[in-house]
Structure formats: structure tokens, C-alpha cells
Amino acid sequence: MRLLTRGSLTLSGLLGLGMLLHYLGFQNEPEPQTRFDLGPVDNFPPGSRTPEPQANAVVLNRPEGLSALSLVCPHLGCIVQLKQDGYACPCHGSRFDLNGQLRNGPASQPMRMLHHETSPDGHLILYTQ
Amino acid sequence: MRRSLLLASLVLLVLLVLAVWKESRRLAPRALTPTLTGQVEYCLTCHADLQEISASHPVQTFGCVLCHGGERLALDANLAHSSLRGGKNPSDLAVVEASCGGANCHSGTTQDQRDHIQRVMTSLQATYAGAIASLRYAFGAQPDLLARQGIYPVQAPASQTDVHALTAFDPAHEQSPALQTFGARCLTCHLSAQPPLGPAYARYSGCAACHTPLYGQTPAPAGQPSNPPIHRLTIALPYSQCNTCHNRGNYDLRDMTFHPRTDQPTDRLHDYYQPIAQFTRCEWTLECIDCHTRQEAMGDGSLYSSKKESEYTRCSTCHGTLTELPLTRTITDPNDLALRQAFLNPVIDLKVGDTILVTAKGEPIWNARPLPDGTYELFGKATGQRFVFRPVKGTQCQQNPDQQASQYCHACHSVER
């Protein structure tokens with residue numbers, strides 16, 4: 001009887017410990033990523049237009065320098081799609097030219113320019129907020 | 001003592017095993033952070049199998065909580081649903097402003113054509129002011145047919161009619177027993193009303209009454225899940241959804257009772273209108289929304305006293321008259337409403353420079369346009385089907401130019417059933 005009691009209590013203790021670890025191991029959802037390391041700046045040669053899907057952005061290398069446009073539609077937040085002559089929102093039909101300037105609504109703002117910088121090791125760092 | 005200890009340890013073990021078993025059956029939380037809100041929500045833990053409600057409202061952008069309310073972090077169904085707006089239907093007019101409103105959504109300005117909610121709240125379909133005025137006039141409660149009361153009080157200072165406000169219709173304050181009975185039995189087909197039971201009347205309330213077609217289905221009672229789940233919004237409305245209110249039967253003023261249609265239509269020709277109605281071929285080959293405009297159906301911001309006042313589409317709107325071709329307009333503005341509507345319901349490929357038909361009030365009939373040979377084409381908004389039709393001008397029609405109402409066209413062009 002003693003053996004049975006000890007075995008039962010041991011099992012209970014192990015189960016309880018497991019449950020406790022399970023609950024203590026709970027992690028909140030990580031904050032959405034807002035900083036993206038896009039690799040060496042050399043990956044973006046002059047004249048290039050490079051989509052960065054993980055950041056919902058496109059990096060442009062124009063004569064005036066590097067810039068980045070957010071692909072999040074300024075109307076209601078859908079992800080705009082690259083077309084032949086610009087970008088189009090698949091949700092509500094807003095259209096933008098290749099430089100992100102508004103062609104037609106319902107959006108009332110151009111596509112948002114994103115802040116970026118070059119890290120000391122020559123990587124392009126993009127900030128989406 | 002030892003026996004008690006053993007018993008207690010076994011009970012503890014059983015309870016812990018049950019707790020582990022229950023925990024193991026719990027669905028793994030499925031997080032979603034919509035781009036529009038940036039706030040994590042766990043609704044997809046249970047609702048991942050729901051279809052996308054529409055291409056304009058992708059869940060990755062809107063999430064669920066923005067429209068439905070609810071407790072976004074809760075994993076317990078009762079807690080998660082405890083603060084839902086409008087139960088299963090956030091578009092109910094009692095909560096629609098919180099669910100669907102917003103300057104960029106459906107309560108924007110008249111200028112940017114986003115005043116959907118304001119217009120609907122003043123529309124006859126929502127106020128029921130026409131029927132109420134007719135009944136109150138018929139039973140001596142008011143001296144004329146001018147609308148004074150609606151399902152709810154509403155103000156429309158910019159109304160283009162003589163009516164700028166409605167008070168709430170309260171049957172309990174009516175002296176006529178007939179009006180009291182009317183209030184008790186006959187208020188079933190305005191946008192805030194629950195419809196009678198039966199698949200022929202199946203619709204939700206609010207925006208979903210029209211934009212979530214249910215005809216032929218049996219929506220689950222409040223608080224119970226539908227099977228299959230109905231999660232859809234569309235502007236391609238089939239006539240059958242209009243029929244859940246219109247053409248479904250008649251209210252008899254003698255006994256103040258709704259009498260359903262007694263015919264049992266088996267095809268569209270017979271289903272479209274009640275047997276007493278007269279109509280033309282295009283009226284049963286097209287959908288209601290192919291002719292009737294958004295302002296007719298959803299209101300234009302004015303308060304009307306009858307459907308006759310608010311409806312203005314005529315045969316001549318698309319067919320013209322003996323002397324005039326139908327009105328047209330060439331699209332020059334990339335923000336033209338016609339382009340927006342054609343984008344949302346792409347049954348027609350429209351672009352700047354195209355010419356489309358317009359109504360007498362200038363509303364775009366964006367799904368119809370002239371062809372080089374002098375005919376016109378129209379694409380069904382719900383079916384995508386292409387129809388080609390001719391103008392009256394240049395035909396042998398003997399129509400009196402002063403008689404343009406539809407009944408005069410029906411005299412020669414009505415369909416025999």
C-alpha cells in the first residue's frame with residue numbers, strides 16, 4: 001500500500017511539475033518585426049527595384065540614391081501589388097505610379113517612404129515604423 | 001490513515017490526468033496581427049476555416065475584431081464572444097456605425113461617395129416611413145401621406161424632399177387598433193427587422209440583409225452557429241435576395257396579416273414577380289440591381305414618403321425615347337465612381353476614356369455602355385452575362401413622348417406567363 005501511495009504521489013508530482021513548466025513557459029506573441037537587415041547595399045545596384053516581401057517593401061536605387069517604399073496601402077492597409085506601370089491595391093483599387101505617387105483613390109496619400117540606413121558593415125537596414 | 005492517504009493520492013492523480021488530458025485537447029492558439037490594427041487577436045484559433053468574407057476585407061488586413069468586436073485575446077468561446085457587436089451580424093443597423101463606419105470605410109463623406117451608412121439610415125428600406133405613413137393615413141392618424149414617423153428617429157437636414165426628420169413609430173401610442181395590429185404583425189421587412197421563418201425569407205438585418213445573400217438557406221437562430229457557416233459580403237446581389245422581402249407575399253389590411261405567395265414557382269420567369277405583376281423581358285432576365293441604382297436601393301440621404309418618390313429608373317433610362325438616346329457619360333476622372341464599382345465587381349473592363357450610361361440624376365450605370373453599331377451592351381452584375389439591347393429611337397415604336405413611365409412600355413412589351 002505504501003508503494004502504491006508513493007508511486008501515485010510521485011506521478012502526481014511529475015504531472016503537476018510538467019503543467020507548471022508548461023504554464024511558466026508561456027510566451028507572449030513577439031512584437032511585429034519593424035527592423036530588417038536586407039544584406040549588403042551592393043545587392044541593390046543603380047536602377048534596381050527590389051521587392052522585399054518579408055518587410056512588405058520595395059527598395060529603389062534611383063539616381064538620387066536609395067529609397068524604400070512601403071507596400072502597405074495608405075488607405076486601409078492591404079498589400080499593394082506591382083503592375084506594369086505602378087502599384088495597385090487588390091482590395092479597393094487604389095493605384096500608384098512606380099515612384100509611389102497616388103494615381104487614383106480611394107487612397108488619398110502616396111505610398112509611404114520608409115526610413116533606412118547603412119550599417120557599419122555595409123548592410124541596408126530598413127525600418128517599417 | 002494509510003488507506004485515506006492512498007485514496008487522496010489516487011484522487012489527486014486522476015484530477016491531474018484529467019487536467020493534462022483537457023489541456024492536450026485545447027486548440028493551439030493561432031495568432032493574427034492584422035496590418036490595419038497591429039494588435040494580435042486569436043479568433044482564428046477556432047475560425048480558421050471561415051471563408052474570406054470578401055476581396056475588399058481580407059482577414060490579414062482587417063482581422064476579425066475590427067468589424068465584429070469581441071475579446072481579441074480570449075481563447076474561451078463564451079468570453080471571446082461576450083462583447084461581439086450585433087451577435088453574428090455586426091452590420092445590424094443598431095451597431096453598424098461602430099462595425100462598418102469610419103471615414104475611410106462606410107461613413108465617409110458624400111463627396112468621396114463613402115456615406116453608405118448615412119444614406120442607408122435615411123432610406124425607405126430602413127425607415128419603413130412610406131408604409132407607416134400610408135397606414136397612418138389610411139386609418140386616420142395623419143392628414144396626408146407625408147412621412148412623419150419611421151422605425152427609429154432620424155434627422156436629415158440636407159434632405160431634398162419636404163421631410164427633414166422622422167420620429168419613432170410607436171404602435172402603443174396609436175389610437176387605432178388597426179395600427180396597433182400593424183405594429184405587432186407587419187413590421188417584418190425593414191432592415192432592422194427579423195424576417196419571418198422559412199428559407200424564402202432568409203436574410204440577415206442591416207447591410208447583410210442585402211449584401212449577404214441567404215435566399216434558400218435557413219440561417220441559424222441567434223446564438224447558434226450556421227451550418228455551413230455563412231461569411232460573405234458581395235455587391236453582386238441576385239434577384240432572389242431582393243425577393244426575400246419583395247415579391248414574397250402581401251399584407252392584407254383587412255386582417256393585418258401577412259399572406260405568403262400561394263403560387264409555387266419552379267423557374268425564374270414565374271419566381272421573379274408575383275402572378276399579379278406585369279413586367280417586361282429584361283425585368284426577369286436581368287437582376288434587380290442591373291437597373292435599380294445604389295441610391296434607389298440604399299438611399300440618397302433624403303427622407304422619402306414612398307417608394308414611388310425615391311425610385312426613378314425607367315425603361316427610358318437605358319432605352320431612351322423616340323427622340324432621345326439614353327444618357328451617357330465619358331469617364332475622364334480616374335477616381336470616377338464607375339471605375340470603383342467596376343473594380344469591386346469586375347463584370348466589365350472599364351477604363352478612363354470609356355463611355356457608360358448614366359441615369360437622369362447622373363448616377364453611373366457602370367455595367368452598360370454604347371457600342372459602335374448603335375446598340376448597347378449590359379453585363380449582369382450578379383451573373384456577368386452579356387446582353388445587347390437597342391434604343392427606342394429609330395424603331396417603329398408608337399410611344400407617346402409624354403408617356404415614359406414603365407406602364408406604357410408594358411402595354412406592348414409585357415411578358416405572358
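Proteins get letters first, then strands, A, B, ... in listed order; numbering begins at 1 in each. Just so we're clear, the structure is a prediction, and the values are computed from it rather than from any experiment.
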Rounded to the nearest 0.5 Å, how far does CZ of B:Phe343 lie from SG of A:Cys91?
-> 7.5 Å
Only one of B:Leu13, B:Leu12, B:Leu5 clears side-chain contact (heavy atoms from CB on, under 4.5 Å) with A:Ser8; which?
-> B:Leu13
Identify which part of B:Val17 has an atom lying under 4.5 Å from any heavy atom of chain A, answering side chain, backbone, both or neither.
-> both
side-chain contact (heavy atoms from CB on, under 4.5 Å) partners for A:Gln109, two or more places apart | A:Pro74
A:Arg49, CZ atom: more than 12 neighbouring heavy atoms under 6.0 Å = yes
Residues 9-21 of chain A: residues contacting chain B (heavy atom under 4.5 Å, by number) | A:Leu9, A:Leu11, A:Ser12, A:Leu15, A:Gly16, A:Met19
Judged by atom type as modelled, is there a donor-acceptor pair below 3.5 Å linking the side chain of A:Asn104 to the main-chain atoms of B:Asn335?
-> no
Where on A:Cys73 is there a heavy atom nearer than 4.5 Å to chain B: the side chain, the backbone, both, or neither?
-> neither
Which region of B:Ala19, side chain (C-beta onward) or backbone (N, CA, C, O), has a non-hydrogen atom less than 4.5 Å from a non-hydrogen atom of chain A, or is it both or neither?
-> both
Is a side-chain donor or acceptor of B:Thr35 paired with a backbone partner of A:Gly77 at a separation under 3.5 angstrom?
-> yes
Could you look at B:Val40 and say if it's the side chain, the backbone, both or neither that has a heavy atom under 4.5 Å from chain A?
-> side chain
Answer with side chain, backbone, both or neither: which region of A:Pro32 has an atom nearer than 4.5 Å to a non-hydrogen atom of chain B?
-> side chain
If you round to the nearest 0.5 Å, how far is CZ of A:Arg95 from CG of B:Leu339?
-> 10.0 Å
Mind checking whether A:Pro106 and B:Arg114 have side chains closer than 4.5 Å, heavy atoms only?
-> yes
Of all residues at least two apart in sequence or in a different chain, which pass the side-chain contact (heavy atoms from CB on, under 4.5 Å) check with A:Gln101?
-> A:Asp97, A:Pro110
Roughly how far, to the nearest 0.5 Å, is the CG atom of B:Asn104 from the CG atom of A:Leu76?
-> 5.0 Å
Per-residue contacts, residues 118-129 of chain A versus chain B, heavy atoms under 4.5 Å | none
